[in-house]
Structure formats: structure tokens, C-alpha cells
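One structure is given below, encoded as C-alpha cells.
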Amino acid sequence: MAVKSIAPYEFASKDTADKFPAPLLYIGWEDHKMFCSPFCAPMPPSMKFGELVRGALPGMYGAHPDFARIDWDRAEWFVSGRPFTPDMDKTLAENGLGHKSVIRLRTPGLTGLDGTCF
Amino acid sequence: MSNVFIAFQKNEESRAIVNAILADNPDAIVNEQPAMVKIDVPHRLVVRKSTIEAEIGRDFDLQEMHVHLITMSGNVDETDDEFTLAWHQ
Amino acid sequence: MQIDLRTVSITPLRQTYNHVAERLGADKPASRYIEGTMDVQATHNFHYRPTWDPEHELFDPRRTRLVMKDWYALKDPRQLYYGTYTQARARMQEVAEADFEFVESRGLAERFDDEARRTALDFYVPLRHVAWGANMNGAFQCAYGYGTAITQPCLYAGMDQLGIAQYLTRLGLLLGNQGDLEAGKQAWMQAPAWQGLRRVVEDTWVLKDWFELFVAQNVALDGILFGLAYREVDAVLSERAGPTVSMLTRFQAEWFQDVTKWVDAVVKTAAAESAENKELLGQWYARWRGRVREALAPVAELALGADGAAALERAVAAVDARMHKAGLAV
Amino acid sequence: MDMKVSKKLGLKERYNLMTRDLAWTPTYQSVKDAFPYMEYEGIKIHDWEKFEDPFRMTMDSYWKYQAEKERKLYAIIDAFAQNNGHLGVTDARYINTLKLFLTGITPNEYMAHRGFAHVGRQFPGAGPRVACLMQSLDEIRHAQTQIHSLSNYNKHYNGFQNWHHQHDRVWFLSVPKSFFDDALTAGPFEFMIAIGFAFEYVLTNLLFVPFISGAAYNGDMGAMAFGFSAQSDESRHMTLGLEIIKFILEQDPDNLPIVQAWLDKWFWRGYRVLTLVAMMMDYMLPKRVMSWKEAWEIYAEQNGGALFNDLARYGIKVPKGWSQACKDKDHLSHQAWNVFYNYGAAAPFHTWAPGEKDMEWLSAKYPDTFDKYYRPLWTHYAKEQAEGRRFYNGTLPMLCQVCQVPMFFTEPDDPTKIAYRESEYRGMKYHCCSDGCKHIFDNEPEKYVQSWLPVHQIYQGNCFPEDADPSRPGFNPLAEVVRWYGIGWGRDNLDYADSEDKKNFETWRAQATGN
């Protein structure tokens with residue numbers, strides 16, 4: 001199905017990659033809905049995945065008591081819902097992440113405040 | 001069976017309208033809330049001009065009811081003498 | 001515990017909304033007209049283009065060739081917002097109701113001069129369709145215009161025209177019967193005298209420029225037609241057969257006075273904005289004045305016979321004078 | 001009192017002469033040129049005369065009754081202002097619901113006004129034209145009476161003053177704004193199903209009755225007066241909505257699948273907007289009327305159920321997202337208020353964690369879910385706040401491409417898992433919060449690629465004041481966005497506990513009770 005319109009109805013997406021300082025990456029931490037929604041942030045494609053984890057995530061998630069308890073070796077990652085094993089030393093682009101990719105982090109054993117997934 | 005309903009602001013005139021509705025619809029269920037009164041009736045509700053007029057002692061145009069209405073549910077049919085709300089199924 | 005809140009003397013933090021204060025140039029109390037009108041329409045960051053007009057934004061100043069730096073300059077001197085609008089019209093309708101009641105209860109319609117009755121039915125009854133056309137156009141201006149200051153009174157005027165169509169319907173039923181309404185519609189659809197006017201009305205329905213439509217409908221057509229119908233024809237019928245018809249059309253006569261204040265103010269402000277606007281408004285007025293004048297000639301004759309032409313010229317001259325005063329080169 | 005014409009004529013016949021009989025089919029211009037938007041949506045209308053007029057009101061009665069309502073309403077508004085009625089409300093937390101109303105609802109009353117003028121011009125049928133135009137008039141009434149009623153609050157409390165500016169810009173206000181933009185940019189028939197039927201008939205009770213009853217419960221005579229007065233027009237609107245859907249369905253069997261698809265879409269779009277009402281009812285009212293869940297059961301499940309039962313004779317089915325919406329009722333408000341607690345710095349009203357008494361009520365109203373899922377969150381926040389660490393989320397959220405709500409909604413059968421839905425269109429990914437929104441996107445991607453998503457716009461650099469300099473050291477993007485929103489930092493936003501509103505309200509109330 002497509003939009004029904006009286007005349008041609010084609011408009012460029014408002015959110016193509018060229019309009020941003022860097023491609024957008026969406027990041028969610030499973031079972032920690034205290035951060036009410038996944039995050040959205042521009043991330044340089046040249047950034048190493050490890051830098052994302054060490055550099056960006058603490059600022060995003062550090063306020064949660066579980067964050068300090070994460071065992072990063074056991075962390076599980078997903079891209080668009082599918083399991084994914086990131087290479088920490090490779091860049092986001094080399095890990096296959098592009099504009100508007102969604103990654104999710106699961107930290108087994110950590111299920112939020114009183115186990116409520118918040 | 002589904003209910004139709006109608007709700008009015010609470011005031012002197014709607015008090016009379018509500019009384020008329022209760023007289024004409026024996027199955028009506030009244031739900032009083034602050035500043036609002038809601039009436040549910042199974043299937044069909046009728047508001048009669050003549051009953052309201054008897055209640056308030058003057059001529060009453062059914063369209064005057066609009067001033068006090070809050071909400072309602074059901075198919076409307078309006079004539080000079082009657083206003084009805086009904087579900088057809 | 002009974003608290004008497006009136007005894008508390010509070011210094012307000014602010015007097016009005018910020019966008020209103022900016023327009024007033026200071027934070028001071030604003031009228032309800034101003035608070036309920038200024039900047040009420042959304043202006044930025046529309047999400048989607050209309051599927052019915054993908055060339056434009058949902059609200060888009062480019063739907064007319066007229067250009068205003070600030071569309072809220074087109075204020076209504078009557079300061080009508082919904083509350084004052086309905087209360088003003090309720091007062092007028094109360095008077096109209098009393099007039100209809102009086103004509104009916106005293107049997108004035110039955111005793112009305114038959115020749116004058118024929119003229120009144122033949123002339124006024126088809127005008128209910130002109131008013132219907134005006135209602136469509138008021139809706140158009142409101143829907144596709146820009147800025148609440150102008151779109152708001154456009155809808156009010158359109159709804160007034162619906163009311164006028166309904167008063168004319170009652171006039172027809174009071175002086176005649178349902179058959180006279182049918183005959184009036186028949187004349188509207190087929191009688192040669194009415195075809196020019198019907199063509200004008202239908203032509204206004206396909207105008208794309210809403211401000212040109214404002215000039216065509218509210219300035220030219222309303223201006224000339226109401227002058228003719230509710231001054232010229234009314235005066236003749238009144239002289240010939242007493243004030244019965246004047247009573248049944250009093251709403252229209254009062255309304256025309258009221259709405260003229262607004263229409264003239266809008267044209268004046270728009271023309272004063274720029275030489276281009278003035279030029280454009282002048283062109284639009286010239287075009288529609290010519291069309292309406294031509295279309296009304298047989299209608300004026302139908303009502304007034306040989307005197308019709310002069311009456312129509314007076315009605316046209318009155319609008320010319322208004323437009324001249326509003327700054328158009330007429 | 002309607003127009004007294006010949007006594008022989010009944011109400012319907014009289015009204016016919018006053019409306020339909022005025023119209024004619026143009027011959028000097030084609031019907032298609034005079035009514036150009038009637039065909040492209042694929043709806044087939046064979047006979048506009050078959051439309052049943054909902055209420056047969058002529059303009060003179062309209063003016064008369066509406067003027068009477070206006071006189072009464074403004075008398076109350078004036079008295080409320082003169083008597084400092086605002087100091088009679090339960091407490092100043094309540095006033096935040098009014099800020100939400102003025103910024104989120106009022107501008108959309110205005111949108112409805114313009115939308116009904118548009119369809120009221122475009123329909124060739126005289127019956128629906130007149131009903132639509134009266135509704136257009138009513139809708140500007142609602143916008144203005146709200147602006148006027150809340151004007152006095154604006155004089156004494158923070159967060160009302162920039163409603164116009166904020167409506168076009170602030171992140172959560174793009175939720176209701178995009179909803180109305182979506183409806184107005186659709187074709188005239190879809191607009192009628194979207195606003196006239198789905199919104200006015202199916203959902204409006206859930207929006208207004210709780211707000212107005214909330215005002216009544218919390219001692220706000222002013223808001224109660226404008227709310228009830230507006231509602232008195234609503235019965236006309238609801239009836240128009242119901243009559244128009246029946247009319248379209250009766251006109252041609254081919255209309256059914258189109259209408260059903262619109263119902264599926266607009267039920268879901270409207271339900272997402274109601275998220276704001278859910279949290280208002282359960283969390284923002286100091287004294288609560290009923291829970292969101294109870295309101296949903298009465299007005300959606302019972303009443304909506306009866307309605308769809310009635311429409312089944314036309315082949316209409318309950319809208320697609322209905323059963324999910326019914327499942328959500330135990331969770332929606334709690335999850336939604338957490339969003340505003342998170343982003344309380346970026347909203348022009350105050351937020352707070354519910355206190356112990358509030359939580360007792362929530363626990364009683366939501367016995368299966370509140371203690372199990374939500375109480376620990378609020379307890380944690382309260383503890384953090386007591387220790388000087390009131391939690392604010394400093395990173396921008398991912399938004400749904402369609403409803404534009406931050407992606408907080410959980411899977412229908414698992415309230416612990418956020419739902420992610422992804423589509424691809426022309427080589428780009430688009431993300432939605434639910435099957436409902438994804439379905440809407442997939443049906444009309446050309447429309448939703450245009451969405452002005454506030455978070456993305458911030459990252460594109462479109463949401464900073466002109467004098468902001470992102471290259472300056474120490475540039476604080478969030479603070480600059482808040483400035484661009486017209487939100488006074490520390491005055492209009494942040495926690496209620498530290499607000500000027502709270503302090504002023506308490507001071508003024510103390511003046512009323514002492515010397």
C-alpha cells in the first residue's frame with residue numbers, strides 16, 4: 001500500500017545520514033528501564049567499539065547501581081534484535097554498524113532495581 | 001446487551017431532565033459523580049419533551065438539552081418530541 | 001475551614017503569554033480578543049505535506065499572491081473572538097426573531113401588497129443560494145488562509161451567510177410557501193436573469209488564491225449585492241408597501257454594516273503593506289467588481305425595473321468609495 | 001428554539017429547507033473543479049442526500065445556545081480569577097496538568113477547527129458540510145476558552161507562558177502535533193474517520209472526562225467550567241462522527257476495507273496520544289478520580305465494545321491494536337510517567353516521584369502490577385533524591401518514527417521488555433515502538449519519512465537559539481535546547497519539590513489562612 005495523494009507525493013527523508021555530524025546509533029540496555037527508552041546519539045563510524053563501551057556508556061548508564069556491577073566479559077550484544085559479537089578493537093563501521101543501527105546490551109544476572117527490570 | 005449512555009452537568013435544569021429520563025426509562029442506571037451525572041440504559045434510551053415539560057412546568061425545546069450535555073453514546077434520532085439513543089445490535 | 005481566598009493580595013508573575021507580550025511590546029494585560037487570536041495557528045515544523053496539496057505546507061502563506069510580513073497585522077476591528085462573536089449574533093438573532101414573530105402574529109405577511117410580495121419573493125428567495133455560495137467561500141478562506149487574525153473572521157462571515165440563507169428561506173416561507181422556494185431555486189438554476197450571478201458564484205468556488213477570493217466574495221460580491229438588496233431594493237419595497245420586508249431582512253442590513261468595518265480594515269492594512277499588494281488588490285477588485293456589476297444588472301432590473309440600473313450604479317459606487325478610502329486606486 | 005416556519009413542516013423537513021435545499025450542483029464549473037479532493041482516496045459516494053443529519057440546528061439556534069454557554073462560562077472564569085480561585089486547588093502539583101493541557105491539547109483544538117473548515121468546504125453534500133462547519137466553529141471556541149481560562153494561571157504560575165512557541169518545537173508535544181498534522185494532511189474522508197470518528201467518538205471520553213472530572217475533584221472550578229462547557233458541544237461532534245462512518249459504509253461495499261484500514265490506523269494513533277492522559281490521571285492529579293485502567297474499562301472496553309458491536313453489521317471489526325491496548329492498561333501510566341521523570345529537565349512542567357500515600361492508591365488500583373513492577377523504581381528515585389541525587393536522564397531518547405513517543409513501550413506480553421520494531425525503506429532503517437506503529441509506517445512510508453523527529457532535529461543542529469555557539473568550549477547542548485524551547489531553567493522545569501510554583505502556592509495559601 002502507498003500514500004494516496006492528489007499529485008506526486010515524494011519527499012526526501014528528513015533524517016538521511018548526511019544531515020548529522022555522525023551516523024545515529026541507537027543503544028538499549030535490556031532489563032534496565034530506569035533509563036526509560038533506548039538512547040539515540042551520533043557516533044563517528046571510526047570510533048572503536050571498545051571506546052563506545054568504555055567512553056560513552058558510563059555517561060549514559062552510570063547512574064544505575066547495576067552499571068558498576070557489569071561483568072563485561074559476559075555481556076551479550078544484539079544488532080536489530082539478532083545476537084552479535086562485536087570486536088572491541090574494530091570501529092563501529094567495521095563492526096557493521098551504520099546510520100540508525102540499533103544495538104542492545106544484555107548483562108546476565110543484572111535485572112534492575114529489585115529485579116523489576118528497571 | 002450493550003448500554004447506551006448520556007451524561008449531564010449537574011445543575012437545576014439537568015436535574016429535571018434526568019428525572020424525566022428516569023421516568024421514561026425504567027431500566028436506567030444513574031451514576032452520580034462530582035459535577036456530573038451519567039445515565040446508562042440497556043440498548044435504548046428515550047428523552048421525551050412532554051415529560052421534561054411536565055417536570056419543569058414550561059415549554060421545553062429538546063435542543064436546549066445541548067447546553068447541559070457532557071457526552072453520550074449510541075445512535076441518535078431526534079424529532080420535535082423525542083430524542084433517542086440506541087444500539088441497533 | 002473556610003478560606004477566604006479573595007483577601008490574598010498577589011503580585012502576578014506576568015500579565016500575559018509571552019508571544020502576546022512580544023506583540024504588545026510589554027508585559028501588560030491583554031484583551032481576550034488578542035490572547036485568543038494572536039499566534040494561535042501553528043507556524044513551524046509541520047510534519048507532513050498535505051496529500052491534497054503536496055506543493056504546500058499544511059499552513060502556508062504561499063497560498064495567495066498577497067504578501068504580508070506579519071499576517072497578524074490583519075486584525076479585526078470588531079475584536080470578535082468566539083465569545084463576542086456568538087453573543088453579538090445572538091443579540092441580532094433575538095431582534096430578528098422578534099421581527100419575524102411580529103410580522104407573523106400581526107398577519108403582516110398576509111396583508112402584504114401582492115405586487116411587492118411578488119418582487120420580494122422573486123428577488124430575495126434566489127439570494128439564499130448566493131449566501132450558500134458565500135458560506136462555501138468563507139470555509140475556504142478559513143481552511144487555506146494564513147494566521148488566525150484573518151482566518152477566524154472569514155469563518156464567522158461564512159457562517160453568518162449560512163444564517164442569512166436561512167433567514168431568506170424563512171422570508172420565502174412567510175411571504176409565500178414551499179412552492180416559492182422551489183420556484184426561486186428553479187429561477188436560480190435556469191432563469192436567464194440569474195445565470196450571470198450563478199456563474200460568478202460558481203467561478204469563485206474554483207479560485208485557488210484565498211485572498212483573491214476574499215476580494216471577490218467579501219469586497220465585491222457582498223459589497224455590491226448587499227448594497228443593492230438591503231438598501232436599494234429594500235427602500236423601494238418599503239416605500240411601496242411598508243416596512244414588512246425591511247423587518248424580515250433587518251439581520252442582513254445590520255450584518256452588512258458590521259462586516260463592512262472588518263472588510264475595509266483588512267483591505268486597508270493589506271494595501272498599506274506594499275505597492276505590490278496595493279496593485280494586486282486593485283487588479284482583483286477591478287476584475288470582480290466588473291464581473292459582479294455585469295451579473296447583477298438583470299437582477300437589479302428584475303427587482304426595480306427601469307430604476308434597477310441606477311440603483312446598481314449607486315451600490316457599485318458605494319463600494320468604489322470604500323475601496324478608494326481603503327487605499328486602492330479605484 | 002429553532003426557526004419557526006410553517007407549522008405544517010416537521011423538524012427534518014424544515015431543516016432540509018434550511019440546509020440541503022440551499023445547495024445545487026454547479027454547471028458553469030465542473031463538480032470536480034469545485035470539489036477537487038473527493039476522488040483520490042478511493043471512497044465512493046453515490047448519493048450525498050442519504051447522509052442523516054446528526055442534529056438539526058439552524059444558525060439562529062446555534063448562536064443563541066452557544067452565546068448562552070459563553071456568557072455562563074466567562075462569568076465563571078471572571079469570578080474564578082477575581083477570587084483567586086487557583087489557591088483553592090488541592091495543591092500546586094495539580095496545576096501541571098493544566099500546563100500539559102494548554103501546550104498539548106489547546107493548539108490541537110485549533111487544528112481541529114482548521115481541519116473541519118477544510119472538509120466543511122470540500123464535501124459536496126450539504127448535510128455533512130454544515131455539520132462540519134459548525135464543528136469548526138466549536139473547535140475554535142474550545143481553543144479560545146482554554147486560552148482564556150488558563151490565562152489567569154499563566155499570571156501566577158510558570159510553564160504556561162510559551163505554549164505557542166513550544167507546540168511547534170518541544171519533544172513530547174510533537175506527539176499530539178504530529179497526530180493532528182497527520183489527520184489534516186490526509187484526505188477529507190480519512191480526516192473524518194480519524195478525527196470525527198476515531199478520536200471524537202472512540203477516544204474523546206477518555207481525554208476529556210478524566211481531565212474535567214480531575215479538575216472537579218481537585219477544586220478547579222475554572223478548568224471544570226471550560227471543560228464541561230466544551231463537552232456540551234461534543235455530543236454533536238460525536239454524532240457527526242458516527243453518522244459519517246455509517247454513511248460512508250452504506251454508500252458502497254468497496255469503502256469497507258478503506259475505512260477499516262483507517263480505523264486500525266487512527267485507533268492506534270489516538271491511543272498513543274492518550275498515553276499523556278494515562279499518566280496525568282494516575283500520577284499528576286493530587287486527588288484522583290479513577291485510575292487509567294478503570295477509565296479504559298468503562299469508556300473503551302464497555303462503551304467502545306458496544307460501538308463496534310453495533311458497527312459489525314457493516315462488516316467493521318474491532319481495530320487492530322485493540323487487544324494490545326487492553327493488555328497495556330495495567331502498565332501504561334507507570335511507564336509513561338517514568339519518561340517524564342527521566343526528562344523532567346526538558347519539559348515545561350514539573351515532575352515528581354509519587355509519595356507513599358500516592359503509592360498506596362496506585363497499589364490498590366493496580367494490585368497485579370504496581371508493587372511487582374513499579375514501586376521499586378519510585379522508591380529508588382525517592383531515596384536518590386533524598387540523598388541529593390535527583391535522577392535526570394542526560395542522553396536523548398530514541399523516538400518512534402510514527403507516534404514520536406520515546407520508545408518506552410513494552411512487549412504486549414512482557415512488561416519488562418521494550419518493544420523494538422524495524423522497517424527498511426529506500427535503503428534506510430526506520431524504527432517503531434509497536435506493531436501498530438510499524439504497520440502504519442509500512443503502509444505509508446512516503447508520509448512518515450517526513451516526520452520532524454525532535455531528537456533527530458536536535459542532533460542536526462536545528463534546535464539551538466540563534467546566539468548559541470556549539471563550537472564554544474563548555475557548550476551545553478541540553479541547556480541550549482531547553483533555552484530554544486522557551487523553558488526557563490529551574491523555573492519551568494525540574495522537580496516539583498524545588499519549584500517556585502510550590503513555594504508561591506504555599507506562601508499565598510498561608511496568607512489566606514493567617515495574617
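Basis for what follows: all heavy atoms, side chains included, without hydrogens, waters or symmetry-related copies. Being a predicted model, the structure only gives us computed values, none of them experimental. Letters A, B, ... are given to chains in the order of the sequence lines, protein chains preceding strands, and every chain is numbered from 1.
Within the 4.5 Å cutoff, the side chain of D:Gln161 has no heavy atoms near those of the C:Thr16 side chain. D:Tyr74 has its side chain within reach of C:Arg32: a pair of non-hydrogen atoms, C-beta onward, lies under 4.5 Å apart. Under the 4.5 Å side-chain criterion, counting only non-hydrogen atoms from C-beta, C:Leu13 is not in contact with D:Asn154. The shortest side-chain heavy-atom distance between C:Phe59 and D:Arg114 falls under the 4.5 Å cut-off. Residues C:Asn45 and D:Asn462 form no side-chain contact, since every pair of their non-hydrogen atoms from C-beta on lies 4.5 Å or further apart. Taking 4.5 Å as the limit, every side-chain heavy atom of C:Val206 sits out of range of all side-chain heavy atoms of D:Phe35. Residues C:Trp52 and D:His118 form a side-chain contact, since some pair of their non-hydrogen atoms from C-beta on lies under 4.5 Å apart. Counting heavy atoms from C-beta on, the side chains of D:Gln29 and C:Arg199 never come closer than 4.5 Å.
Put simply, of D:Glu70, D:Gln122, D:Lys155, the one with the most heavy-atom pairs under 4.5 Å next to chain C is D:Lys155. Each of D:Ser178, D:Ala117, D:Ser136 has some count of heavy-atom pairs under 4.5 Å with chain C, and the biggest count is that of D:Ser178. Per-residue heavy-atom pair counts under 4.5 Å with chain D were compared for C:Asp203, C:Asn137, C:Asp53, and the maximum is reached by C:Asp203. Ranked by non-hydrogen atom pairs under 4.5 Å with chain C, the options D:Asp168, D:Asn152, D:Thr106 are led by D:Asp168. Interface check for chain D: of the options C:Gly145, C:Ala30, C:Gly184, the most heavy-atom pairs under 4.5 Å are formed by C:Gly145. Comparing D:Trp452, D:Tyr40, D:Tyr37 by how many heavy-atom pairs each has under 4.5 Å with chain C, the most go to D:Trp452. When each of D:Tyr157, D:Trp163, D:Phe160 is checked for heavy-atom pairs under 4.5 Å with chain C, D:Trp163 comes out on top. When the candidates C:Leu174, C:Thr43, C:Thr37 are compared by the number of heavy-atom contacts under 4.5 Å with chain D, C:Thr43 comes out ahead. Here C:Thr148 is the residue among C:Leu181, C:Leu207, C:Asn177, C:Thr148 with the most heavy-atom pairs under 4.5 Å with chain D. Ranked by non-hydrogen atom pairs under 4.5 Å with chain D, the options C:Gln41, C:Gln15, C:Met38 are led by C:Gln41.
D:Thr58 and C:Gln166 share no donor-acceptor pair across their side chains, judged by distance under 3.5 Å alone. Judged by distance alone, the side chains of C:Glu202 and D:Trp24 do bring a donor and an acceptor atom under 3.5 Å apart. If you check the side chains of C:Thr86 and D:Tyr62, you find no donor sitting under 3.5 Å from an acceptor. Using a 3.5 Å distance cut-off with no hydrogens or angles, the side chains of C:Tyr85 and D:Trp63 do pair a donor with an acceptor. With hydrogens and angles left out, the side-chain atoms of D:Gln450 and C:Arg49 include no donor and acceptor closer than 3.5 Å. For the 3.5 Å distance criterion, the side chains of D:Glu68 and C:Gln87 fail to qualify, holding no donor opposite an acceptor. Between the side chains of D:His148 and C:Tyr81, no donor-acceptor pair of N or O atoms lies under 3.5 Å. For the residue pair D:Thr27 / C:Arg198, a side-chain donor-acceptor distance below 3.5 Å is found, with atom types taken as modelled. D:Asn162 and C:Asn18 form a side-chain donor-acceptor contact under 3.5 Å, judged by distance and modelled atom types alone.
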- Query: What do the steps show when you test C:Leu58 against D:Met111 for side chain to side chain contact (heavy atoms under 4.5 Å, CB included), and what is the final call?
  - Reply: CA-CA 10 Å; C:Leu58 183 49; D:Met111 291 300 277; 3.5 Å; yes

- Might you work through the side-chain hydrogen bond (donor to acceptor under 3.5 Å, both in side chains) test for D:Gln404 and C:His47, ending with a clear yes or no? CA-CA 11 Å; D:Gln404 310 207 8; C:His47 291 276; 3.1 Å; yes

- Task: Take D:Tyr28 and C:Val201, measure what side chain to side chain contact (heavy atoms under 4.5 Å, CB included) needs, and give me the verdict at the end.
- Result: CA-CA 9 Å; D:Tyr28 295 107; C:Val201 172; over 6 Å; no

- Evaluate side chain to side chain contact (heavy atoms under 4.5 Å, CB included) for D:Arg14 paired with C:Leu173, printing each intermediate quantity in order. CA-CA 10 Å; D:Arg14 220 155 52 210; C:Leu173 289 167; 5.9 Å; no

- Intermediate values then yes/no, side chain to side chain contact (heavy atoms under 4.5 Å, CB included), D:Leu22 and C:Leu162: CA-CA 9 Å; D:Leu22 302 170; C:Leu162 178 60; 4.0 Å; yes

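Interface remark: C:Gln141 contributes no atoms to any contact with chain D (heavy atom separation under 4.5 Å). Heavy atoms of C:Asp160 lying under 4.5 Å from chain D belong to its backbone as well as its side chain. Neither the backbone nor the side chain of C:Glu94 has a heavy atom closer than 4.5 Å to any heavy atom of chain D. Neither the backbone nor the side chain of C:Val20 comes within contact range of chain D; no heavy atom of the residue lies under 4.5 Å from a heavy atom of that chain. Contact of C:Thr84 with chain D is not made at all, since no heavy-atom distance falls under 4.5 Å. Interface remark: C:Asp27 contributes no atoms to any contact with chain D (heavy atom separation under 4.5 Å).
Geometrically, D:Arg129 engages C:Trp132 in a cation-pi contact defined by less than 6.0 Å to the ring centre and at most 45° from the axis.
Minimum interatomic distance between D:Asp138 and C:Tyr82 (heavy atoms only, all atoms of both residues): OD1-OH, 4.0 Å. Nearest heavy-atom pair, D:His113 versus C:Leu155, reported as atom, atom and distance to 0.1 Å: CE1-CD2, 3.7 Å. Taking every heavy atom of both residues into account, D:Lys177 and C:Ala42 meet most closely at NZ-CB, 4.0 Å. Between D:Leu17 and C:Thr169 the shortest heavy-atom distance is O-CG2, 3.7 Å. Taking each heavy atom of C:Ser9 and D:Gln511 in turn, the nearest pair found is O-OE1, 3.6 Å.
Rounding to the nearest 0.5 Å places OG1 of C:Thr11 at 10.0 Å from CG of D:Asn504. Considering NE2 of D:His164 and OH of C:Tyr17, their distance stands at 13.5 Å, rounded to 0.5 Å. Going from atom CZ of C:Arg128 over to atom CE of D:Met18 covers 8.5 Å, rounded to the nearest 0.5 Å. Taken from NE2 in D:His165 to NE2 in C:His44, the straight-line distance is 9.0 Å, to the nearest 0.5 Å.
Using a 4.0 Å cut-off between charged nitrogen and carboxylate oxygen, C:Arg89 and D:Asp60 do not count as a salt-bridge pair.
With a 6.0 Å radius and a threshold of 12 heavy atoms from other residues, nucleotides or ligands, C:Met189 has its CE atom above the threshold.
When the salt bridge (Lys or Arg N to Asp or Glu O under 4.0 Å) test is applied to D:Asp182, the partners found at least two apart in sequence or on another chain are D:Lys265, D:Arg269, D:Lys447.
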